[in-house]
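This report concerns only the one structure given below.
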Amino acid sequence: MRNSRSKLLKLYESLLEAYGRQNWWPVDEEYHRRHGSDPREEIVVGAILTQNTSWKNVERALENLKGEGLLSFRGITSAPLQKLEELLRPSGYYRQKARRLKEVAQTLSPVSRLEKISREELMRIKGIGQETADAILLYACGRLSFVIDAYTKRVVERVFGLKKDAYEELKRWFEENLPKDLELYREFHALLDEHAKRYCKKRDPECAGCPVAQMCLKLE
DNA sequence: CCCCAGGCCGCGC
DNA sequence: GCGCGGCATGGG
């Protein structure tokens, strides 16, 4: 549908205009230079840790790992489980995440595996579901895989009146209606999250002052 | 006190 | 093939 295609692009451009480039995914390049690890490893770790968890809490856990020089697949694999749990504590679900991180780090080593791995293969790893797989593909592997999260669903539901509950269906809808541009995929997802946090909040959305209120179905 | 956060898995039906 | 509870910390 041509109409939703142009409206979707318009939404992207408006959000970009309003919030500027987000430059996701944030990684500490310098840390990885010093430790001989790959920044992509940090993206994978962050993707696991941020599951249903605020990024603020994830940052604390990442800092803890860095402090022990363990923010890498090798570090996570070699660390005792108890030690890992302790460091991951601020990110919540820390026992689950410690176990799953070990599994993920081992399965994805060496990190060059990311260059050929498929979405299905990623999702077979315990702890990696649809969204985490897509985030890894998009931000670590550089593939054109649009990421859907709770924020994305909420914004799209309000702006377009689209009630696509099914993850795969909504993902396809984005991918069919966007130009195949890696930076656009990355920025758009980040912008949707930023927008959902600032204005399009779950409870008490601040529609007054919303930068995309003009095109929002909810306000018609 | 409540709800929410950059989800996923295992279970019962 | 679904809906649901459990997982857990920190902030508003």
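On a predicted model such as this, the values are computed, not experimentally measured, just so you know. Just so it is clear: chains get the letters A, B, ... in the order the sequence lines come, proteins before strands, and each one is counted from 1.
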#### Entry: d(NE2, A:His189; C1', B:dG7) in whole Å
12 Å

#### Entry: N-O pairing of A:Lys153 and A:Glu131 below 4.0 Å
no

### Query
Between A:Glu13 and A:Lys10, is there a salt bridge with N-O shorter than 4.0 Å?
no

### Query
Would you call A:Glu121 and A:Lys116 a salt bridge, using N to O less than 4.0 angstrom?
no

### Task
Please figure out whether A:Tyr167 or A:Asn57 has its closest DNA chain B nucleotide nearer the 5' end.
A:Asn57

### Query
Base, sugar-phosphate, or nothing: which does A:Ile125 touch, judged by heavy atoms less than 4.0 Å apart?
sugar-phosphate

### Message
Assess whether a salt bridge exists between A:Glu175 and A:Arg172, defined as any Lys/Arg side-chain N lying under 4.0 Å from an Asp/Glu carboxylate O.
### Response
no

### Message
Tell me the interatomic distance from A:Arg203, atom CZ, to B:dC2, atom P, rounded to whole angstroms.
### Response
12 Å

### From C:dT9, C:dA8, B:dC8, nucleotide with atom closest to A:Asn52 side chain
C:dA8

### Atom-to-atom span, CD1 of A:Ile48 to C1' of B:dC9 - whole angstrom
13 Å

### Query
Using 4.0 Å as the upper bound for N to carboxylate O, is an ion pair formed by A:Arg21 and A:Glu183?
yes

### Query
Would you say A:Arg100 reaches B:dC8's phosphate, i.e. side-chain N/O to OP1/OP2 under 4.0 Å?
no

### Message
Go nucleotide by nucleotide along DNA chain B from the 5' end; which of A:Ile128 and A:Thr50 gets its closest nucleotide reached first?
### Response
A:Thr50

### Query
When the distance from CG of A:Asn64 to C1' of C:dT9 is rounded to whole Å, what number comes out?
12 Å

#### Entry: Check ion pair A:Glu30-A:Arg33 (N to O, under 4.0 angstrom)
yes

### Query
Heavy atoms under 4.0 Å, any strand shown: does A:Glu131 hit a base, just sugar-phosphate, or nothing?
sugar-phosphate

### Minimum-distance nucleotide (side-chain atoms of A:Asp149 versus B:dC4, B:dG7, C:dA8)
B:dG7

### Task
Write down the distance separating the P atoms in B:dG10 and C:dA8, rounded off to the nearest Å.
14 Å

### Query
With respect to the phosphate group of B:dA5, does any side-chain polar atom (N or O) of A:Arg154 fall under 4.0 Å of OP1 or OP2?
yes

### Message
Output the rounded distance in Å from CZ (A:Arg95) to P (C:dG6).
### Response
15 Å

### Message
In this structure, how many angstroms lie between the C1' atom of C:dG11 and the CZ atom of A:Arg60, rounded?
### Response
9 Å

### Same-atom distance (C1') from C:dC7 to B:dC1, integer angstrom
22 Å

### Message
C:dA8, OP1 or OP2 - any side-chain N/O from A:Thr53 closer than 4.0 Å?
### Response
no

### Query
Side chain of A:Gln51: nearest nucleotide among B:dC8, B:dA5, C:dT9?
B:dC8

### Summary
Here the distance between atom C1' of B:dG7 and atom CG of A:Asp193, to the nearest Å, is 13 Å

## Note on the structure
Against the side chain of A:Lys202, the closest entry in B:dC8, B:dA5, C:dA8 is B:dA5

### Query
Is the shortest side-chain N/O distance from A:Lys126 to OP1 or OP2 of B:dG10 below 4.0 Å?
yes

#### Entry: Whole-Å gap separating P (B:dC8) and CD (A:Glu103)
16 Å

## Note on the structure
Heavy-atom nearest nucleotide on DNA chain C taken for A:Lys56 and for A:Ser91; more 5' hit belongs to A:Ser91

